[in-house]
Amino acid sequence: MKDPNPCHVIGVLDDGMASLSATAGALIRSADVVIGGGRTLELFSPWLKPGAVRHDLTGALTRVPDWVRAAREQLQRCIVLATGDPLCHGIAPYLAQHLCIDALEIHPNLSTLQLACARIGLAWQDARIVSAHGKDAGEWTRGSTPAHGLYPLAQALRAHDRLLVLTSPCNSPDRIARLLLTEGLGDDFQMAVAERLLQPQERVLPQLTVAEAAQMAFADLNVVLLWRQVPVPRPVVFGLPDAAYHQRQPDKGLITKQEVRAVSLARLQLRADSTVWDIGAGSGSVGLEAARLCPRGHVLAIEKNEADVAIARRNHEAFGVSNYSLHHGKAPEGLDRWPAPDAVFIGGSGGELASLIGLILERLRPQGRLVMNFVTLENLATATAALQSLQDQGVEWDVLQLQAARSKPILHMHRMVAENPVWIVCAWRGESGDKRHEADADLTAGQAAKEPRDA
């Protein structure tokens with residue numbers, strides 16, 4: 001049965017009543033409680049009835065459901081004014097999540113992105129919409145983590161031909177342009193910026209180079225359109241030849257070889273959104289291939305050798321991925337600040353192997369995998385002893401020995417030359433260990449929920 005007094009979520013634009021239907025206009029004029037951003041409330045102030053209660057949601061999004069509930073309980077007519085289409089990166093999904101969906105009636109409008117596309121004649125049905133409304137994390141740097149407000153855009157740039165970007169005062173068009181330059185994509189995209197749409201000061205810049213935009217200043221109210229001038233690359237994502245990587249000279253060959261890398265990545269059981277740790281990254285070969293295999297995930301790598309860090313950075317730059325962060329340091333330092341992993345690869349441990357194994361298996365998410373490569377009997381013995389001591393905690397493990405042989409020319413024929421044998425150790429929590437791990441996490445979360453929080 002339809003709710004007799006729903007909260008009306010109305011999409012509005014900066015031309016005020018001009019682009020609204022008669023029904024939406026009547027709802028605004030008759031509302032007892034009006035919720036919206038400060039600028040929107042001011043824009044529609046002339047049409048609000050005397051005595052209407054106004055709530056500014058700027059910086060107070062979590063209070064909106066309570067304001068709506070209170071108005072409905074008092075049988076007041078309540079509206080929420082949302083910019084553009086309330087269902088396109090707008091407030092409507094948030095309200096639907098926190099209120100009964102039957103308590104809402106949504107009145108859509110044009111998105112500012114649609115208007116911008118119309119201004120320059122850009123078809124948008126196959127474009128990717130990205131919000132850059134995240135908190136101000138400063139300028140984008142190569143290797144930034146998912147906590148950065150521009151991270152979703154950095155990932156989308158690698159996969160799509162057309163992008164429509166909702167900006168913010170901090171994540172502005174010039175900062176977005178500098179992101180493209182940092183990621184080596186400055187020549188790949190054309191850019192347009194539409195400012196103050198439907199206002200007297202409207203300005204549309206239909207064809208900007210990325211380099212031009214990076215040096216410009218823009219009005220706070222704007223949207224960005226990006227479209228490719230060169231096709232999206234189609235790189236090999238798995239099993240690259242060793243020669244595809246920069247390697248340290250004159251010690252060329254200090255790299256996880258192709259055959260071992262392929263089996264190790266397979267044993268990590270990666271998913272598209274996996275969070276991966278690469279401990280002892282070396283040249284970065286395993287972590288960088290993992291980044292391509294996990295386009296919606298992120299790889300965090302650490303390497304203690306400064307020369308290897310420099311090589312890994314060169315490989316990162318050449319690889320064309322934005323979901324990879326490289327740290328210069330010695331594990332386990334700093335790992336406590338990393339997000340819990342779905343998969344961990346250890347290529348080198350710097351003498352901290354036993355403690356690292358315990359720490360990783362404690363942090364590993366349910367159904368996660370720890371994979372380690374060893375070429376010495378001593379490290380293999382240390383790893384298996386550490387894993388054996390954890391079996392009563394539900395840890396299971398196995399060992400695979402891999403020895404490949406590659407063909408080499410000899411006169412007019414070929415012979416096989418053996419590579420060094422490598423032990424691939426894989427560890428995971430059994431079903432009982434996973435359930436205990438989940439229960440511990442639920443208990444911790446429950447205790448945190450009961451603690452008082454700063455509003």
Side-chain angles (χ1 to χ4, degrees), residues 143 235-248 251-295 297-305 307-332 335 338-339 341-350 353 356-357 360 364 368-376 379-380 383 399-402 404 419-428:
V236 174
V237 298
F238 178 75
L240 275 74
D242 299 341
Y245 294 94
H246 297 289
Q247 299 172 47
R248 202 187 337 159
D251 305 313
K252 189 170 182 178
L254 296 178
I255 186 174
T256 301
K257 296 294 198 307
Q258 182 186 45
E259 298 83 1
V260 177
R261 190 183 336 125
V263 174
S264 297
L265 286 165
R267 301 228 65 194
L268 283 170
Q269 298 287 281
L270 299 175
R271 296 171 172 83
D273 60 352
S274 291
T275 296
V276 183
W277 292 4
D278 182 7
I279 311 295
S283 66
S285 62
V286 173
L288 287 167
E289 283 194 36
R292 281 188 176 170
L293 293 167
C294 306
H298 195 82
V299 176
L300 299 106
I302 187 168
E303 170 58 49
K304 66 183 179 66
N305 185 287
D308 286 333
V309 169
I311 293 295
R313 284 182 177 146
R314 289 180 64 192
N315 284 322
H316 181 199
E317 183 175 351
F319 232 67
V321 295
S322 302
N323 58 337
Y324 178 88
S325 301
L326 177 64
H327 302 266
H328 181 201
K330 181 179 178 181
L335 299 188
W338 287 11
D342 298 291
V344 180
F345 176 75
I346 295 181
S349 62
L353 184 57
L356 263 178
I357 289 172
I360 288 166
L364 202 62
R369 290 291 186 271
L370 165 62
V371 173
M372 299 171 278
N373 285 180
F374 302 112
V375 295
T376 68
N379 281 341
L380 175 65
V399 180
L400 168 70
Q401 186 189 49
L402 186 64
E419 298 287 335
N420 287 331
V422 177
W423 288 281
I424 300 176
V425 180
C426 184
W428 64 95

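Being a predicted model, the structure only gives us computed values, none of them experimental.
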Minimum side-chain heavy-atom gap [X]-[Y] below 4.5 Å:
{"X": "His298", "Y": "Trp338", "result": "no"}
{"X": "Val422", "Y": "Val263", "result": "no"}
{"X": "Thr275", "Y": "Leu300", "result": "yes"}
{"X": "Leu293", "Y": "Leu268", "result": "no"}
{"X": "Leu335", "Y": "Leu356", "result": "yes"}
{"X": "Leu270", "Y": "Phe238", "result": "no"}
{"X": "Val299", "Y": "Asn323", "result": "no"}

Rounded to the nearest 0.5 Å, what separates atom [atom1] in [X] from atom [atom2] in [Y]?
{"X": "Ile302", "Y": "Ile346", "atom1": "CD1", "atom2": "CD1", "value": "11.5 Å"}
{"X": "Ile255", "Y": "Ile311", "atom1": "CD1", "atom2": "CD1", "value": "10.0 Å"}
{"X": "Leu370", "Y": "Cys426", "atom1": "CG", "atom2": "SG", "value": "7.5 Å"}
{"X": "Arg267", "Y": "Met372", "atom1": "CZ", "atom2": "CE", "value": "11.0 Å"}
{"X": "Trp423", "Y": "Leu400", "atom1": "CH2", "atom2": "CG", "value": "12.0 Å"}
{"X": "Arg271", "Y": "Asp342", "atom1": "CZ", "atom2": "CG", "value": "7.5 Å"}

Pairing residues for Asn379 by the side-chain contact (heavy atoms from CB on, under 4.5 Å) criterion, not counting sequence neighbours: Leu353, Phe374, Thr376
Between Lys257, Gln247, Arg261, which is the residue that forms a side chain to side chain donor-acceptor pair (under 3.5 Å) with Asp242? Arg261
Side chain to side chain donor-acceptor pair (under 3.5 Å) partner of Tyr245, the single match among Arg314, Glu289, Gln258: Glu289
Backbone N/O of [Y] and side chain of [X]: donor-acceptor pair under 3.5 Å:
{"X": "Ser283", "Y": "Ala312", "result": "no"}
{"X": "Trp277", "Y": "Pro339", "result": "yes"}
{"X": "Arg292", "Y": "Val236", "result": "yes"}

Exercise: identify the closest heavy-atom pair between [X] and [Y]:
{"X": "Leu364", "Y": "Ala343", "value": "CD1-N, 4.3 Å"}
{"X": "Phe345", "Y": "Asp278", "value": "CD2-OD1, 3.4 Å"}
{"X": "Tyr324", "Y": "Ala301", "value": "OH-CB, 3.4 Å"}
{"X": "Glu303", "Y": "Gly280", "value": "OE1-C, 3.4 Å"}
{"X": "Leu288", "Y": "Phe319", "value": "O-CE2, 3.5 Å"}

Consider only side-chain N and O atoms of Ser264 and Asn373, and report whether a donor and an acceptor are under 3.5 Å apart. yes
For His327, which residues count as a side chain to side chain donor-acceptor pair (under 3.5 Å) partner, sequence neighbours excluded? none
Does Ser285 have any side chain to side chain donor-acceptor pair (under 3.5 Å) partners at least two apart in sequence or in another chain, and if so, which? none
